[in-house]
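Quick note: residue numbers are just sequence positions, from 1.
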Amino acid sequence: MSVSMKDVDPAFRGVGQKDGLEVWRIENFKPIPVPTSSYGKFYMGDSYIILKTTALKNGSFRHDIHYWLGKDTSQDEAGTAAILTVELDAALGGRAVQYREVQGSETEKLLSYFRPCIMPQPGGVASGFNHVEINQQEHVTRLYVCQGKHVVHVKEVPFARSSLNHEDIFILDTENKIFQFNGSNSCIQERAKALEVVQYIKDTFHEGKCEVAAVEDGKLMADAEAGEFWGLFGGFAPLPRKTSSEDNEDDKETVTKLLCFNQGTLEHISFESLEHELLETNKCYLLDCGAEMYVWMGRGTSLQERKGASEAAEKLLIDGNRIRSNVVKVIEGFETIMFKSKFNKWPPTPDLKLSSEDGRGKVAALLRSQGLDVKGLMKAAPVKEEPEPYIDCTGHLQVWRVNGNDKTLLSPSDQSKLYTGDCYIFQYTYTGDDKEECLIGTWFGKKSIEEERTSAISLASMMVQAAKFQAVQTRLYEGKEPIQFFVIFQSLQVFKGGLSSGYKNFITVNGIDDDTYIEAGLALFRIQGSGSENMQAIQVDAVSSSLNSSYCYILHDGNTVFTWTGNLTTSLDNDLVERQLDVIKPDLPSRSQKEGKETDQFWELLGGKSKYSNQKIGKEHESDPHLFSCILYKGNIKVKEIHHFTQDDLMSEDIFVLDCHSDLFVWVGQEVDAKLRSQSMDIGEKFLLHDFLMENLSKDTPIFIVTEGSEPQFFTRFFTWDSARSLMHGSSYQRKLAIVKGGATPLLDKPKRRTTAFSGRNTGQDKSQRTRSMSHSPERHRVRGRSPAFTAIASAFENPSTRNLSTPPPAVKKLFPKSGGSDLSRISSKQSAISALTSAFEGPMKSTIPKSVKASPEAEKAIQEEGSTVSASENDPEDDEGGTIYPYERLITTSDDPAPDIDVTKREVYLSSGEFKEKFGMTRASFNNLPKWKKNRLKSDLQLF
């Protein structure tokens, strides 16, 4: 469609070039810009055009245009708004989606722009009405009905008892108090959302100075607030059942109709099955689905044809007395998901990736040849960088291999060596923003068997349950790992074959050759990553077609070792090869091979030379996130998208899915039923299977299960997050009621952050094992990638008898600057405790997430000086050895002979184990798992607080 700017109203020139809203009111058939301060203020006698511009991650803009029609607006004004939206779309390049919005029947997308609600005021311009300004001195009592779980439709109804019913929520706005009446059949989520409207009314019409009361349907005059509420209606009386003719109208089944707009008239298109092929690119069509109507405009249509189709849709609704129906106008190639879902099958839309200037130019030229504006597409796309992990990579890692229905704990030296035929469970604890965080996950190798995958999920779920659902659970497949997984493992090797009993039995029964990696055999590794804290060696088939010019490789056959450097690699890639050689073949010299200058022996080992790729292996990139509420009903999943979501949309009673394309988060509220909570992973799997956004989601996409109150930073970054809100007790309604009334509720007690003594990784071994540097030894053939000075410095931190990795040693943080350096010989005294802690995970878990306990000053100093990250509670909590013990009588607040030099906020830690159990009636471990308020109450009763 070729459009001259002469055909576009001057008010629309240059709009839509930045993220945000732009609003116009129709005055004398012209669009007049509305001041930003008046956004969200609508008058019943007017018509408005709203443009929402969204900046996408690929650098382009998405446009949504809404035209809103007040209930008292004239037909001429409504028609003008409909036509002007077509002009606005043309000015934006003909790619916007257009929505017809009618007062009282607005789409959830429009309402999401003006949270918490739209409350139209009497008056208008073109209709001849005067805008009525609210006189705060003469308050008029009004009654509103509120409907909606995610966004709220607010409608003023007559102030009479007959307006009330059991199904809805009502807000009565009086001069000194706002009442919210909750119908007995309304749900908690609707009640919580209605409270946002109460807060809006309180702030807007009462300057934040009035009382708020909640009235439950069924509470009679005995309740003071209920009595006051019913008194305003002349006393209590039974409410009638809701019999709305309008609701019945919406429930009627309608037959979908397809009409073609041809030369000013509408022609019915008969069909047995609604197929995409029925739509022709040089025509406009109306798809009538009853409650909503779609106008589809082919790319080959003119501006006048599009205006004509828009007018025809408006007339069809008026003639059919369906003025409440929504109209959605879409352009060929930019259809909405809902429109596509109406058809039997919709072909995949070409992915217009703007990954390079050349690519953007080609796409722009293609669209320009089709008559489309390319301003949005030609916006410079941001350079794709390695995504941030949003997770502390200095935590504590443990890994188990799944063997049938059991799991086997791997040693620290083996936990980064995974096999593609096996399944693994990993647990990673680390310090978050204000508490201990825990991630429990499963990793499925590409050739792992289904039985062990199922077993891994079950075992991991039991670990999460043991952690009282305070841990994040994730399910990962080989080749689809997120950045968090790689930085947790840091240096990872993935070998062919498998070591589990299930895998060995599977290949034996099926007569499959065992290709499990043999250190003395022939193997080829692709090296990838972004640095020393994110590098992987992936074993691939030892053939030349496995090579890629964008990577470096390690090839070995017995004692023969080659490194191969592709022509498109960087110095970083070369450094990663050197580091991985220290792991795979640490004691052998290697021969370097440059692409194009390989030796005959190199090609012989690979079975001869053949063609190979030069393209970087594609990774799933994060897209603009979409939030969905999810319901599991009779084994099927039903979803509803939440537009322009915020943290407040996450209701404690529901499950939500955050779809980021590269990752999928399933958020579970604290009030969710236990049975439904256990199906969280199943909900994520079903979401991937249905692919509701039609974005070709892989079934292997990483899934994270996140519980309310334990959200990690790599989830909260998609919101403007307030941690205090997620830690509140009660239902979503109770929480918001406390906020609206100006009160607060107790917060959940969470584990405190531990002080980490090392900036490096803690995997349970001593410092010499944690050091990732190579020892300077005359027995080694070479020291890779190091200067002599660095080697000399590093040797001071290393144990020459231990084979180490090539990451530089972690620096020791001195918690007490005046104290001397840590004594490595003293580490051994802690090894038994650490070993006991590690072995505990192989049996039934008592506590997955460690909690900090204030130890005695002497014990705490010893731990800090040794650089241990193990808190007191991670050792035996009943072990009094090394701690200062005082009798109960000297620790109480009323003692005549108080114990000296104690932490008065932690008096209980100085009790012996026996006396502690006698006084508190429980062990220290049980006490440490109690909420903070309960701990303080017990301590107060015992005069220890």
Side-chain angles (χ1 to χ4, degrees), residues 64-71 73 75 78-79 81-82 85 97-112 147-151 153 155 167-168 242-262 265-279 283-297 306 308-332 335-346 629 631 633 636 638-641 643 692 694:
D64 293 288
I65 306 172
H66 306 255
Y67 60 103
W68 184 89
L69 310 177
K71 71 181 184 66
T73 192
Q75 289 187 15
T85 58
V97 180
Q98 305 163 48
Y99 301 84
R100 178 184 188 268
E101 310 278 3
V102 178
Q103 180 183 337
S105 300
E106 295 89 353
T107 62
E108 292 196 355
K109 176 168 274 195
L110 177 69
L111 292 175
S112 70
Q147 298 172 328
K149 286 176 59 175
H150 307 297
V151 292
H153 287 88
K155 179 182 178 182
E167 282 71 34
D168 296 321
K242 185 178 180 182
T243 55
S244 173
S245 59
E246 292 180 349
D247 288 349
N248 293 336
E249 211 174 85
D250 292 340
D251 294 337
K252 290 180 180 177
E253 290 188 10
T254 57
V255 178
T256 300
K257 301 175 184 177
L258 182 64
L259 303 96
C260 176
F261 182 74
N262 188 18
T265 60
L266 291 175
E267 300 174 354
H268 284 268
I269 305 295
S270 59
F271 58 87
E272 292 184 1
S273 176
L274 192 58
E275 303 289 346
H276 171 265
E277 288 72 22
L278 293 170
L279 306 176
K283 293 181 180 179
C284 294
Y285 294 84
L286 274 62
L287 183 64
D288 189 354
C289 302
E292 68 267 341
M293 181 182 292
Y294 295 91
V295 179
W296 184 88
M297 295 170 277
R306 297 182 183 186
S310 182
E311 290 176 318
E314 196 77 26
K315 185 176 185 302
L316 191 63
L317 294 180
I318 294 173
D319 292 346
N321 195 25
R322 296 162 52 197
I323 57 173
R324 293 180 64 219
S325 294
N326 296 112
V327 176
V328 182
K329 306 171 193 174
V330 296
I331 309 295
E332 180 183 4
E335 297 87 352
T336 64
I337 299 299
M338 285 302 297
F339 178 79
K340 294 177 182 178
S341 67
K342 304 295 181 184
F343 289 76
N344 184 41
K345 187 177 182 182
W346 193 271
S629 66
I631 298 175
Y633 180 71
N636 295 319
K638 295 183 177 181
V639 303
K640 190 181 188 78
E641 184 171 4
H643 302 284
F692 292 99
M694 298 184 182

Minimum side-chain heavy-atom gap Lys109-His66 below 4.5 Å: yes
Output for pair (Lys257 NZ, Leu316 CG), nearest 0.5 Å, gives 8.0 Å
Less than 4.5 Å apart, any side-chain heavy atom of Val328 and any of Phe339? no
Side-chain contact, heavy-atom cut-off 4.5 Å: Asn326 with Arg100? no
side-chain contact (heavy atoms from CB on, under 4.5 Å) between Met293 and Leu317: does it pass, once the steps are laid out? CA-CA 9 Å; Met293 181 182 292; Leu317 294 180; 3.8 Å; yes
Interatomic distance, Lys345 atom NZ to Glu277 atom CD [nearest 0.5 angstrom]: 9.0 Å
Approximate separation, where rounding is to 0.5 Å, of His153 NE2 and Ser105 OG: 6.5 Å
Measuring from Tyr285:OH to Leu258:CG, what's the distance to the nearest 0.5 Å? 7.0 Å
Check: Lys342/Thr256 side-chain N/O donor and acceptor closer than 3.5 Å: no
Which atom of His276 lies closest to which atom of Phe343, heavy atoms considered: N-CD2, 3.8 Å
Show, in sequence, the C-alpha distance, side-chain angles and deciding distance for Asp288 and Arg322, and conclude whether the salt bridge (Lys or Arg N to Asp or Glu O under 4.0 Å) test is met. CA-CA 12 Å; Asp288 189 354; Arg322 296 162 52 197; 2.8 Å; yes
Do Leu279 and Glu335 touch side chain to side chain, with heavy atoms closer than 4.5 Å? no
Passes side-chain contact (heavy atoms from CB on, under 4.5 Å), Arg306 versus Ile331? Steps please. CA-CA 10 Å; Arg306 297 182 183 186; Ile331 309 295; 3.8 Å; yes
CD1 (Ile631) with more than 12 external heavy atoms under 6.0 Å: no
Judged by modelled atom types alone, do Asn344 and Glu275 share a side-chain donor-acceptor pair under 3.5 Å? yes
Go through it in stages, so that I can follow the logic: the residues are Leu278 and Phe271, the test is side-chain contact (heavy atoms from CB on, under 4.5 Å), and I'd like the CA-CA distance, side-chain angles, deciding distance and then a yes or no. CA-CA 9 Å; Leu278 293 170; Phe271 58 87; 3.8 Å; yes
What is the minimum heavy-atom distance between Ser325 and Gly290, and which atoms define it? OG-O, 3.4 Å
For Met338 and Glu292, what are the C-alpha separation, side-chain angles and deciding distance, and is it a side-chain contact (heavy atoms from CB on, under 4.5 Å)? CA-CA 11 Å; Met338 285 302 297; Glu292 68 267 341; 5.6 Å; no
Check: Leu287 and Trp296 side chains under 4.5 Å, non-hydrogen atoms: no
Rounding to 0.5 Å, atoms CD (Glu106) and CD (Glu101) come to a distance of 6.5 Å
When you compare the side chain of Met297 with that of Gln98, does any pair of heavy atoms fall below 4.5 Å? yes
Taking all heavy atoms of Ser629 and all of His150, pick out the closest pair and write down the distance. OG-NE2, 3.3 Å
Nearest heavy atoms of Ser112 and His643, plus distance in Å: CB-O, 3.3 Å
Report yes if some heavy atom in the side chain of Lys283 is under 4.5 Å from a heavy atom in the side chain of Phe261; otherwise report no. no
Value rounded to 0.5 Å, distance of CG in Leu286 from OH in Tyr294: 13.0 Å
